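Every number for a ligand or one of its atoms is a count from 1 in the order of the listing. Bear in mind the structure is a predicted one, so any value in this text is a computation, not a measurement.
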Amino acid sequence: MMSWEEEFEAFKARTKGSAKAWASAKKVMPFGVNSNYRLTDPYPLYMGRGKGSRLWDVDGNEYVDFNMAFGALVAGHSHPVLVKALKDRVANGTIYGYEGDEAAPLAEHMCKRFHVDRVKFSMTGLDSTLFSVRLARAVTGRRKVLKFEGCYHGSHDTLMVSIKPAKERSGDAKRPNPVPSSKGLVPELVASAVIAPFNDLDATRAIAEDAADDLAAIILEPVPMNMGLVLPRPGFLEGLRRIADDTGAVLIFDEVKTGGKWYGGAEEAFGVRPDLKVFGKAIGGGIPLGVVGGTAGIMDQTVPGQVAHAGTFNANPLSITAGLVTLTEILTPKGMRHAQRIGDALGKGYVRTIKEHGLFMTVQYKGISGTVHFSYHPVVDWRSFQDVDVGKWWAYDTAMKNRGIIPMATGPDEQWTTSVAHTMEDVEDHLAALDEVAELIKRFQEAIPLVEAV
Ligand code: PLP
């Protein structure tokens with residue numbers, strides 16, 4: 001059994017190619033990454049290839065991948081059915097600058113599958129949540145948007161507020177301050193965010209009612225997946241539905257992650273229907289595709305000349321083909337059941353291992369995703385996430401990678417995703433590595449630097 005320091009050195013010894021790639025990359029791209037969430041210590045991993053449930057880094061190390069591009073690859077890496085369809089597509093035009101006839105069949109499928117009347121296509125989660133908020137403001141004629149502390153909805157200004165606020169700045173837990181999550185935001189826009197604590201219905205109602213006159217939207221991930229995986233308490237989503245109805249705000253479910261976790265998205269799991277749903281990530285099978293869907297009453301107000309919705313790449317045939325093939329041929333009810341069986345086995349394996357080793361770790365999982373938190377307490381909101389010992393999470397992540405397993409998406413605030421490509425053997429390999437790593441962390445936990453979650 002290696003010490004923690006030896007584990008860290010072993011990681012560096014086997015990832016020299018990544019160190020080299022980073023040295024070149026950061027000369028021409030600040031910090032060497034193109035999404036800040038990919039910057040890790042001692043340097044980011046640079047990948048060379050992906051197939052099925054596997055990734056290979058530039059040094060040729062093979063990993064069983066449970067990151068799956070932050071949940072975007074429920075179809076697995078380069079699914080053969082998708083590869084074939086995309087080859088045909090690439091040979092016949094990837095973008096026309098006109099509408100094609102492929103978008104309507106995908107729209108029909110999505111309307112039926114996700115119980116919405118209409119959809120509008122875009123490219124990313126970011127531009128889709130942005131449009132959903134604009135539409136909500138347009139139809140209500142109001143300005144404010146209620147979001148939950150710790151939730152992330154993409155890197156755009158209106159919602160870049162209180163994503164990971166530091167304790168000293170976030171104020172009363174029952175009435176959190178809006179804290180800008182980036183420099184460069186306009187204070188008026190930050191002030192238009194109304195922040196509430198997830199899973200606290202009474203506090204949320206009080207906050208929403210105070211802002212009701214100017215409250216355009218309530219936006220949330222129905223299962224927050226950016227402070228680890230946090231389950232909504234029974235009745236919480238139903239309560240938000242009532243608060244939105246009582247205040248006249250548009251209820252928006254950001255399903256950029258959850259939309260790929262169940263065949264019918266969060267509504268299938270929780271039975272609550274919002275006014276708008278936003279999709280991204282998994283629905284494109286690894287090709288960029290974003291979608292806003294919702295009631296006809298709201299969606300039909302995207303009147304040209306009145307409510308802006310535009311994008312050169314919106315509904316480009318490459319993305320649309322990817323979406324159609326992914327949703328109708330890969331993420332079928334059978335495909336989703338498979339991924340869920342795998343996810344369930346992994347979650348149960350974590351519970352068993354944690355118990356056996358007596359580790360101060362909790363696991364929170366549902367369906368194809370789960371998070372391990374180094375904490376004695378369940379995480380129910382951002383404030384409880386802040387009690388997690390983040391340093392041990394990074395130790396666990398490094399040690400798992402040394403054993404050929406990418407255990408979750410990068411960061412203690414993320415989760416694993418199982419896909420149609422994962423097998424029970426992949427789960428066994430994951431749990432065998434976890435068994436060793438759990439023992440390592442237990443024996444050397446004093447030596448692992450304590451890092452607080454912001
Ligand atoms: N919404 C949620 C819940 C997300 O997790 C993300 C990305 O992680 C986004 C929106 C933004 O999506 P994208 O990264 O495609 O812009």
### Query
Among Glu102, Arg89, Met123, whose side chain to side chain contact (heavy atoms under 4.5 Å, CB included) with Asn316 holds?
Met123
### Query
Between Arg113 and Glu268, is there a salt bridge with N-O shorter than 4.0 Å?
no
### Message
Please output the residues near ligand 1 using a strict heavy-atom distance under 4.0 Å, listed in chain and residue-number order.
### Response
Thr124, Gly125, Leu126, Tyr152, His153, Gly154, Glu221, Asn226, Asp254, Val256, Lys257, Lys281
### Sequence neighbours excluded, every pair satisfying side-chain hydrogen bond (donor to acceptor under 3.5 Å, both in side chains) that has a member inside residues 132-142
Arg137-Thr158, Arg137-Ser192
### Query
Who passes salt bridge (charged side-chain N to carboxylate O under 4.0 Å, His left out) against Lys84, sequence neighbours left out?
Asp88
### Message
For His373, run the side chain to side chain contact (heavy atoms under 4.5 Å, CB included) check against Lys392, Met361, Met227, Gln364 and tell me which one passes.
### Response
Gln364
### Message
Checking Asp200 now: which residues fulfil salt bridge (charged side-chain N to carboxylate O under 4.0 Å, His left out) with it, not counting sequence neighbours?
### Response
Lys174
